[in-house]
Structures are given as C-alpha cells and as structure tokens.
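One structure is given below, encoded as structure tokens.
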Amino acid sequence: MCDPVANSARHADSGVSRRRFLTFLVAAPTLTLATGLAPEAALPANAETALPGLPQPADIMDLGEILILAGTPTAHLLVLEVTEEGEAHFELPRAEVGQGITTAVAMLVAEELDLPLSKVRVRLADARPELLMNQLTGSSNTIRSVYGPVRRTAAAARARLIAAAGAQWGLPADRLVTRDGAVVAPDGRTAPFGSLTTIAAKLSLPDLTVTPKPESEHRLVGTPASRIDARAMVTGQMRYTLDLDVAGAKPTMVRRPPTINGTVRSVNNEAAVRAMPGVIDLAVVPTGVAVMAETFGQALDAKDALQVTWNGGTVDTLSDADIRLRLRAAALPFVVPPLLTLHLDAEFDFAFVSHAPLETNSAIADVRDDRAEIWAGLKSPIVAKQTIAAAVGLPADRVTVHVTQSGGSFGRRLFFDGALEAARISKAMRKPVKLMWSRIDDMRHGRARPATHHKIRATYALGQVLTYEHRVAAVETDFRHGLGEMLTAVAADLPVGGDLTFAQTVFLTTVKVPYDFGVVTELLSEVPLKMHTASWRSVYSANTRGAEEILVDELAKKMGQDPVAFRRRFLKTARQRAVLDKVATAGSWGRAMPAGFAQGVGFHEEYKSCTACLVEIDARDPKTPRVVKAVIAADVGRPINPRGLEAQLLGGLTDAISTTLRAGLHIDKGLPLEGSYSQFHYARQKDSPSDVQIFIMPAGGEPGGAGELGVPAAVGAIANAYARATGRKPRGFPINFDVDFTPFPR
Amino acid sequence: MPTYSFSVNGRTVTVDAPADLPLLWALRDRLGVKGPKYGCGIDVCKACTSHLDGKAINPCVVPLSEVEGREVTTIEGLADGDKLHPVQEAWLEQDVAQCGYCQPGQIMAAVALLKTTGDPTDAEIDAIQNVCRCGTYFRIREAIKSAAAKMRK
Ligand code: FES
Ligand code: FES
C-alpha cells in the first residue's frame, strides 16, 4: 500500500552517500537533533565459508537483516534531545512490550554521552509515517537495527556539547572530554551538559565529524543494568493504555459473535440494555455490538445482557480434526525415497496457541469530524494509522497515533485490531472511547499462532547424515501488518527467488538447520483459513526447529550417539559448540537421574545469535511433568544489557514449558474452546523450575537478536527430556492437551 | 444508588455505585486507583490482587458492598512514601518485571504470603497462582526468598 512512497524514498536516497551525515537542529534552548549515518552494517554478511553443503537462504540474509535494509533509508531519523536540566530524552520508534528495549537504548545513549543512566529518558514515538518502514517492532530486530544509529546520534550530540564548551573556554575540542554529564577541561573546569545546550544548538559546525566510542571503551554497555521503568512497575505507577486518563473516554466493551468473524444480524433488546444502570451508549460495529458505560463492570454486565442474532462467521464448521487433515494433505512430498538407505521419518503436530498477553487488547480512540487521536500498544503504528484513517474517512495526517507501553505482546501487537475497532466505535458513538476486550474474547477472537504439521525425513550412512528434509504445513500466518510492504520494497535484495508468498519468504529467511546434514531442504506450504492468526514469539522456529531438535535426538540414538556428542559433531561452528559445551558442563550433562527424571538438550541459531538449553524434567507422572531445572547459554554477538537478555531467555523458557507441555487452543466449530488461563494452561509458578542458570557469552561481534531466541531450543530440550524420562516419543503438542474444563458459553 | 465508604491506602473514600459493582472497577473507574490490573475478571489470573484488611483478595470478584467500612490496600499503598516495602525492593534487586502488567498483583500476593509465612518453602511459593505471561516466575521466586530473608532479620 505504501510502495510508491517507499520506492521514491529509496531512489531519493540512493544518490546520497551512505556516509552522509544528517543533522537537523530544532529550537534552542534544548539541543535536539535528528542525526546519524546510514548503518553501513545493513548489508548481509556473507555466509561462513568452508562449510560443506550449500548455505540456506537464512544463512545468507535473515529476516532481521531484510527489515534493517528496508528501514535503512530512514534509519537516521532518530530524535534525541538534551535538555537544560542535563537530561537526554530519546524518542524510540519501536514498541516496548516488556522486552526491555527502552532500557537497552537508554544504555546506548548514556554510554555515548557519558551521562548517568538515570538521566536518560526514553519515550515511545508516535506513529511517524516519514519513517516508512522503520517503525516495525518484530523479528528480534530492535537492537540490531538501532545499535549503530542510536550511538551515532548520541555521539553527534556529545560532539556538539564539547564544541560548545570549547567555544566558551577557547579550547580546541580534542583537549576536552566528557564525564558524568559534563564536559571537562584539562585544568579541571567542568560545564554540565545542561549549561551548554543553548550554544550547542546554535553552533555552526559544518565540518563536525563524529565517531561513536569504540566498543573497547564501553563501560556501561555490556554490563548488567536494571530496567529503567522497574520502579514505576513495582509501585503501580506504570501507565498502560487503560490507565490513561483521556478526557471523556468512557469504558467500552464489545459483545462478540459465537464464531470467528461472525457479524450482527440484529440486536433484540437494545432499549432494555440502554436502560441498564450506568449504560451510556450502544453501537453496532463490524466486529459486534459495542456498549459504553460509566464503569467497565457495568459495560461488562450490559454486554452480557445483550440479546443478539448473529450471521455466521468464516470458519463455522471447522474443528481441530478437519484442520489437522487439511494440514497433512498440504504438506509437500519428500524427494528422497525411503528405500535406498537407512532413514528416520517423523511427523509432528502443533496446536494453535494464543498470544494471551496479560493486558488484553485495548485502545483509546477519540474520533472527531476533522481529526482523530488513538492510544494503543502498537508494533506497527504506521500501518495502523493509515488503516484507521481510511476506516474513519480522514486523511492520514489528521490521525495521531500514540504508542503506549503494553502488557506483553509476543507478536500479538503487530496487529492493531483493537485500535481500529475503538476508532470505529468512537466514530459511531461520536464520543471518545476506552475499549477493553474481555479475557474470553481476547482468547477466542484474538489472534493465535497457527497450527502446524511437520514431517521430517533424514537419511544416514557410515556415521554421516546424508539428507535432511523437513516439510512444514501451517495454517496461514497473517503478515498484513506492514511486513509485506517491507519485503516488497527490498524484493531485489532478497536471498530467495521466484514467486514466493510473504510467508514463504519469512520462513526461508528465518528457518535453517544449524547442523551439517548433507543435502537439506525445508519447505513451507500454507493452508489459508479465515481465522485470526499472527506471528508468535519466534514465528515458525518454535515449532519447526523444536520438532527438528526432537528428531536430532532420535537420529543420535539411531546412530548410536549421545545427544550432546552428536550435536557437537554436526554443528557447524566453534561459536555454536561453545554454547552447547557451556550448558553441558554447567548442567552436568549425563549425570545420573532417578527413575522418571531425565535431562534433555536443545540448540538453536537465529538472528545472528545462538543458544543451547539443558533442562531436567520430573515426569514420574507423565500427565503432570514439571521442568525442575534449566541451564541456558546464549551468544548474542554483543550483549547490550546481559540482565535484560537473561530475562528474555527466561521468558522464552517459560513459553517453551507452556506450549510444549500444556498450553494450546482447541478449535471447535469455528471458535477456540479456551477462554481464560484456567483453560489455556500457560505455566504458573508451580510449573516453573526453581533452579535456572543463564550464561551470556562474552561479546564477540555485532549485536544479534535475542527476544525470541530462547523458545525453539527450550522446546527441543523439554520434549527431549520428556521422551527420555517417559520412553514416549512426543509427536503432538502440547503433550498433555485434554479438554479438562467446561467451556464458557459462546 | 447506595453509597459505600471505606479506606483505600489510608485515605477514606466514598463511592456511589451499585452494591454488586466489583471493587476493581470502583477503584479503577471511580477512584482513579490504577495499580490493580484487569486480566480475566473471574478470579483466575490474579493480576488485580490487592489486600482487604491485610489479606489478599481479588477485587475483580469482590462486590463493593463487602468492603464497606474496611481497609483496602493496593500496590500504590504498599510503600511508605518514598520508602519501598522490602518486597518491592527485592523486586528491583532481582529486576523481576518484564512488561510489568502482572507485577502489582504478584507483589501483593507475595506480601500476603510473607505475612503469614516468614520463611516460605518452594512448595508454598508454588501455591501462588498469579499468571505472569512474560514468564518471570523464577525471578519472582528469587525475589520472594530474598525479601523473606531480609524481613526475618
Ligand atoms: S482480573 Fe482479578 S483475578 Fe484476573
Ligand atoms: S511481567 Fe509481563 S505478565 Fe508478568
């Protein structure tokens, strides 16, 4: 939809030297600049050489690099302000959803400016269409994409502050240093940044060149730091969308259809519901019937009291069994016949999984005749802005979209359905609205990781794996949140050719086998179903690589080798082996375990990072297994905040425990049965290990991605431990997936 | 409409609302006390966990009529001015929060546990049912243990 814009921007930029330095100064007395160099690291690194076999597309250029490339023309449009109080305020064009990126970015700014971390504020930027494709939070890409530009922007600010002090003191810049938020002269004189901003913003410095600090001089970056927003979170001061006070925005909820994508035929008791205590207004919107009330309690009662006749939805007759059949039918055939040589075949099924962020879908919208304002947790705010503008009949520049920090995402907030719905309700009611989805609706009418089917065949002989084929059939993943535009914009540079769908492109640029398994082919086929799907933390990798790690264990067994020794032997690089060795040693791989207990191991490489996970499981009762210990090692190239990284890996582990052992959605006649955490069994404290050790490997390159890295290795490790403890081969996930509850009424 | 008076974080408040209005919405929508969060509304996720007369409750299922004349404490009332409660301190030390949305409830649940159980075992910590969708459980466990150790001193 924004291709013409994207293309013209690319062309406009192509004449510009990649090293051209852009500085825009805005109003003194604060020093505000939008600056930076286009990241020279945007182009793909070459695949590691001297490897037997051909590199897979994701080895050549992964999805994160593709997104960086798409965002490159505008990567310099970052806004940093140094205030008269000596604080640095940075506007981050990404969404903070718990992954700790505001803290990591604050560290980069603090490091570069020699400013205490407590003096750096990071705000989430509103939707900025001029950023084109540089405001999408996904693919574990934030740190990879902003590492260079943020440092350059801050380095430019520091250079200006030094120049300002030099002008005041009549000293050349190279005699001055910065320390603790001040410029310091050789004789000990100091000038706090705040005292320099006015001059710094006015100086004409045509020849200013800036270089970020060499990484060897980093003192803060790479050391563990606590979240900059932690205090607000533990004192209840953190403001999420529904905590905002927007004048006149009243609690609003929507009564939704009994099946996915059903629509309203008639509302049968409108007058009675309007007369209920606290009810303010009611409106029919494409997604259901909206009710506004004085409190959410009353809105909830009114929504439940509504009597509505519904039109059918888009998947009314569909249930899990049909979906599984269709997936099996869609999986592409293997190429290598099974008869020629020793082989191992395995098939796996993964259920739908709700994203289920603890903060349900929510948004505030104030739509007027001539303008609109939206507040929501959004990972693709530009597309949200454009779509909402079209839906309410306003030009995009009359719609302001504020990105609020949100209570989890895991991929969910790539979609802006809540914000769009709130805008439609506001327009229909002609009032500002504060929209909250109920948990039941969030699970049933929200989005989910698509169900997948996998079949894998490996052939081997004489201690070598000769061929490795993986066929993935997945319910279509919805990528209509701006990713498609990004892929289109860089189509010429993609490492995959031909007429691939966006999904296949994503699959091929994220999924790869880290082992030397001879001739490898991994293919995705999709089954389009009109359901609400979305990428879920690690997109295809959790299932695809998780299944693969199970197969690797089974292959090791067939070939008479220990799972760790087998992986060691077939991994491709020393860096990969180092994380595996780390968990094997720290986790005492191979130690004797009581009956019903076992260890399991998994490995994963993606986003230019790699990780290994070793778990111990207590599966004495195979129906209630518990992971009791986990040891994780990760090499992310260059850790910015090891403490934040550990948190992400811990989250990935918990996701893997949940989705491998118990958490999934049953689809029954067009709707998930699950409607709360009492039914969708995301792990609780009692399911979580009381012994977790996480090791971050020392820095040795550029930052890789980390937010999603932890899931696939842990899925493999947990399933493998379960198999070793119980002697059962896990094939369907989650492993324990009974309908052990009475579903809520539709 | 009936009127209810009770104390919230040491301040006496009066709310004009139906008797069956869940306390959560009286707090959030009428009193502007936004610390307790909605995550399910049916006493499952525990994101709203607060205290009534010092004991953990889930205000999403406690009707307003039940709190008349009683003392409600939410996450906002836990610290003593700028001085954080030891459990909050421990949460900072362990850097527990990720998205943070569950954490007011987690902290209030932990404080309630430590009131009755000064030295909780792993099994007692396991009994805390609060959902953390970001999966911070291990750090929560560590924070509870370190807060407990400090509070025993
Ligand atoms: S909102 Fe109260 S327990 Fe979930
Ligand atoms: S920190 Fe996000 S739900 Fe617990």
Side-chain angles (χ1 to χ4, degrees), chain A residues 97-100 224 226-227 229-240 242-243 245 251 277-278 294-298 300 356-360 405-410 436 438-439 643-644 647-648 650-655 657-658 676-678 682-690 692, chain B residues 1 17-18 20-22 24-26 28-30 32-42 44-45 47 60 74-79 84 87-89 91-93 95-104 107 122-123 125-141:
Chain A
V97 295
Q99 73 282 52
S226 294
R227 292 278 299 252
D229 42 13
R231 193 178 170 102
M233 286 172 173
V234 304
T235 53
Q237 301 305 320
M238 189 73 211
R239 289 291 169 257
Y240 304 87
L242 293 173
D243 304 331
D245 289 313
E294 289 297 339
T295 65
F296 275 110
Q298 290 161 317
L300 191 65
L358 200 58
E359 179 196 26
T360 57
Q405 192 157 331
S406 40
S409 167
F410 320 102
M436 180 179 86
S438 75
R439 170 60 57 195
R643 215 168 185 203
Q648 287 302 296
L650 180 62
L653 171 72
T654 315
D655 281 1
I657 290 172
S658 306
S676 199
Y677 296 106
S678 48
Y682 192 81
R684 309 281 181 107
Q685 187 64 266
K686 69 175 173 44
D687 307 304
S688 165
S690 56
V692 179
Chain B
M1 206 168 306
D20 60 354
L21 182 73
L24 179 63
W25 306 116
R28 291 186 53 91
D29 297 341
R30 303 296 295 279
V33 179
K34 306 284 181 67
K37 301 293 183 233
Y38 168 88
C40 71
I42 53 168
V44 165
C45 76
C60 67
T74 69
I75 186 72
E76 289 97 333
L78 195 56
L84 296 182
V87 171
Q88 289 169 309
E89 290 284 1
W91 245 248
L92 292 184
E93 277 159 27
D95 203 32
V96 173
Q98 290 191 26
C99 82
Y101 197 82
C102 75
Q103 302 299 348
I107 291 170
D122 273 320
I125 295 174
D126 280 351
I128 296 179
Q129 289 181 41
N130 296 51
V131 173
C132 175
R133 176 58 187 86
C134 296
T136 65
Y137 298 113
F138 176 67
R139 286 189 177 180
I140 290 174
R141 184 183 299 272

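From a predicted model like this one, the values you see are computed outputs, not experimental measurements. Every chain is numbered from 1 and lettered A, B, ... according to where its sequence line falls, protein lines coming before strand lines.
A distance of 11.0 Å separates CZ of Phe138(B) from OG1 of Thr654(A), quoted to the nearest 0.5 Å. In this structure, Ile125(B) CD1 and Ser690(A) OG are separated by 9.0 Å, a value rounded to the nearest 0.5 Å. With rounding to the nearest 0.5 angstrom, the SG atom of Cys132(B) is 11.5 Å from the CZ atom of Arg684(A).
Most heavy-atom pairs under 4.5 Å with chain B: of the set Ala683(A), Gly408(A), Pro277(A), this distinction falls to Ala683(A). In terms of heavy-atom pairs under 4.5 Å with chain B, the best-connected choice from Pro689(A), Ala356(A), Gly652(A) is Ala356(A). The most heavy-atom pairs under 4.5 Å with chain A, out of Val33(B), Asp29(B), Asn130(B), come from Asp29(B). Listed options Gly35(B), Pro18(B), Gly41(B), Gly100(B) were ranked by heavy-atom pairs under 4.5 angstrom with chain A; first place goes to Gly100(B). Residue with the most contacts toward chain B among Ser676(A), Pro224(A), Ala232(A): Ser676(A) (heavy-atom pairs, distance under 4.5 Å). Counting heavy-atom pairs closer than 4.5 Å to chain A, the top-ranked of the candidates Val87(B), Val131(B), Ile107(B), Leu24(B) is Val131(B). Chosen from Met233(A), Gln298(A), Arg239(A), the residue pairing most often with chain B at heavy-atom distances under 4.5 Å is Met233(A). With respect to chain B, the highest number of heavy-atom pairs below 4.5 Å among Leu300(A), Asp655(A), Leu650(A), Leu653(A) belongs to Leu650(A). Contact count against chain A (heavy-atom pairs under 4.5 Å) is highest for Leu92(B) among Thr136(B), Leu92(B), Ile128(B). Ranked by heavy-atom pairs under 4.5 Å with chain A, the list Cys99(B), Cys60(B), Ala47(B), Ala79(B) is led by Cys99(B). Counting heavy-atom pairs closer than 4.5 Å to chain B, the top-ranked of the candidates Ala647(A), Ser678(A), Ala230(A) is Ala647(A). Interface check for chain A: of the options Val96(B), Leu78(B), Asp126(B), the most heavy-atom pairs under 4.5 Å are formed by Asp126(B).
Looking at Tyr677(A), the atoms closer than 4.5 Å to chain B (heavy atoms on both sides) sit in the backbone and in the side chain alike. With a threshold of 4.5 angstrom between heavy atoms, Ala97(B) approaches chain A through its backbone and through its side chain. The parts of Arg231(A) that come within reach of chain B are both its backbone and its side chain, each placing non-hydrogen atoms under 4.5 angstrom from that chain. At a 4.5 Å heavy-atom cutoff, the contact between Leu242(A) and chain B is made by backbone and side-chain atoms alike. Interface remark: Gln237(A) contributes side-chain atoms only to the contact with chain B (heavy atom separation under 4.5 Å). With a threshold of 4.5 angstrom between heavy atoms, Arg139(B) approaches chain A through its backbone and through its side chain. With a 4.5 angstrom heavy-atom cutoff, Asp243(A) touches chain B via backbone and side-chain atoms both. Contact of Glu89(B) with chain A is not made at all, since no heavy-atom distance falls under 4.5 Å. The part of Ser406(A) that comes within reach of chain B is its backbone (N, CA, C, O), which places non-hydrogen atoms under 4.5 angstrom from that chain. At a 4.5 Å heavy-atom cutoff, the contact between Val97(A) and chain B is made by backbone atoms alone.
Taking both residues in full, the closest heavy atoms of Thr235(A) and Leu84(B) are given as CG2-CD2, 3.6 Å, listed atom of the first, atom of the second, then distance. Here the shortest heavy-atom pairing between Tyr38(B) and Ser438(A) reads OH-CA, 3.2 Å. For the residue pair Gly407(A) and Tyr101(B), the shortest heavy atom distance occurs at CA-CB, 3.8 Å. Nearest heavy atoms, Gly39(B) versus Thr360(A): O-CG2, 4.5 Å. The shortest heavy-atom contact between Gly297(A) and Leu21(B) is CA-CD1, 4.0 Å.
The shortest distance between side-chain heavy atoms of Gln648(A) and Gln98(B) falls below 4.5 Å. In this structure the side chain of Leu358(A) never reaches within 4.5 angstrom of the side chain of Lys37(B), judged on heavy atoms. With contacts defined as side-chain heavy-atom distances shorter than 4.5 Å, the pair Met238(A)/Pro104(B) does not qualify. Here the side chains of Gln685(A) and Asp122(B) are not in contact, with every heavy-atom distance at 4.5 Å or above.
Without hydrogens or angle criteria, Asp95(B) side chain to Gly644(A) main chain gives no donor-acceptor distance under 3.5 Å.
For Gln405(A), the side chain to side chain donor-acceptor pair (under 3.5 Å) test picks out Asp229(A), with sequence neighbours left out.
Annotation: cation-pi geometry not satisfied between Arg28(B) and Phe296(A) (NZ/CZ under 6.0 angstrom from ring centroid, within 45° of ring axis).
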